[in-house]
Amino acid sequence: MNSTSEDFNEVLSKSKKILERYALCDSCLGRLFANLGYGLSNADRGRAIKTLLLLKAYNSLHGITDENLAKNLARTGFKPALTLLQAKEISVKIDACHLCRGLMERIEEIAEKTINALKDYEFDTFLVGATVPQHLAEEEEEIWRQYKINTGEMIKSELTREIGKQIEKQMHKKYDPQKPDITIIIYLGDTGEVSIHVNPSPIFIYGKYQKLKRGIPQTPFKDDNTQISIQTLIADPIVRAAEARGAKFHAAGREDVDVLTLGSGRPFIVEVQGPRKRTLNLKEIEEEINKNARGIIEVHGLKYVSRSMVAKIKALAEFAKKTYKATVEFEEEVTDEDAKKIEENFRNIEIKQRTPIRVLHRRVDKVRTKIVYWIKAEKTGPQRLTLTIKCQGGLYVKELIHGDQGRTKPNISELIGKKVKRIILDVVDIEEKT
Ligand SMILES: [Zn+2]
């Protein structure tokens, strides 16, 4: 005998022993030997094994040669064995499958329920997962252990694979565990109840915004969803169009409430959570955002990006070079010499900045080192200087100007020895490369 037929005899003798003890449906029996054969479902495999065992239990010459085996086959619901015993007037009771308790026979029903749950979602690729009752997995492993089976497949894998096949076939979608548009989780309860959870992967929409009116925060203040913010102005129309659950707003830094962002604008990404629609007309959405925002903000360049861009624009906040325009009113007269002094002193200089007093309640108190590349200063009124400041992202510019009680060093106020009365600040450029 070659090794293949030895293996095969072992499959049969193990199956016979297992069925003496447990009633198993075709799928659950076949799944114990899942890596044998080709192009077969576990149910095909299980049925084939039962068929071969029935050949051992009966032949037309001698009749039933192994009544116990025939009974063990019949109680799993195996039709030919049942018919045989009926013909011989031997009564037998069908037992529910010891492992799945009939679950595997409900695959089509579960698939139908799943497909129904998916019908309102747009997707091309999917992933199916399942949670099964703990005891089910344990009992399966117990059989593997008892009968030294190393060819088994977990019930969860079969379930998700079979449901996946149905989705592919009936909905013409593609199984893709790496980049699924949608993840389906099938929850099986202890008493056989099934619930389907559908979780669409987020989509990421990139763009840039200009903030054209002062007094609007980037994100809503805590516990106030009714307040207008840049986030709500941009994200709400996107969430509506995508029929999504919500959105996260990621921006390359933030300007203060009273600061404008001009020039090419500030990069942002809207992470759209739980979208039912994934193919959006971004041009139309852009127009809608701009129309609704009525001149408060303006967005442009909306496009799809991948998740990895989120980290990139966050890094941008810290390191990208930014250019600000500041109109600074001092408490006393300023001179052209003051302007000159500022330009001369703030050239490629490191600024040591302790966390500003005004943000201490939400930021850890530490010293940051940021670079000011240059400042262009011009006297534009008796007590007014207009400054163009090019600096590293993350620098607190107002504090650079007024000094924050000495927490930012060096600072402009200290340099010229004049106190600051008022600052009007605009972001005029955010450099995109990091
Ligand atoms: Zn079963």
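It should be emphasised that the depicted structure is a prediction, and the values quoted were computed from it without experimental measurement. As the structure lists them, so they are numbered: ligands from 1, and atoms in each ligand from 1.
- Within the sub-2.8 Å shell of the Zn ion (ligand 1), the protein contributes these N/O/S atoms: Cys25 SG, Cys28 SG, Cys97 SG, Cys100 SG.
- Counting non-hydrogen atoms of other residues, nucleotides and ligands closer than 6.0 Å to CD of Glu168 gives a total above 12.
- One finds no salt bridge joining Asp190 and Arg101 here, because no Lys/Arg side-chain nitrogen approaches an Asp/Glu carboxylate oxygen to under 4.0 Å.
- Judged as a ring pair (Phe, Tyr, Trp, His ring centres under 6.0 Å), and not counting sequence neighbours, His300 has no contacts.
- Checked options Thr388, Leu260, Leu212; the residue passing with Asp426 is Leu260 (criterion: side chain to side chain contact (heavy atoms under 4.5 Å, CB included)).
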Could you go step by step and tell me if Asp44 and Arg47 meet the salt bridge (charged side-chain N to carboxylate O under 4.0 Å, His left out) rule? CA-CA 5 Å; Asp44 292 338; Arg47 212 171 301 118; 3.6 Å; yes
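- Here CD of Gln210 is found 11.5 Å from CD1 of Ile230. Values are rounded to the nearest 0.5 Å.
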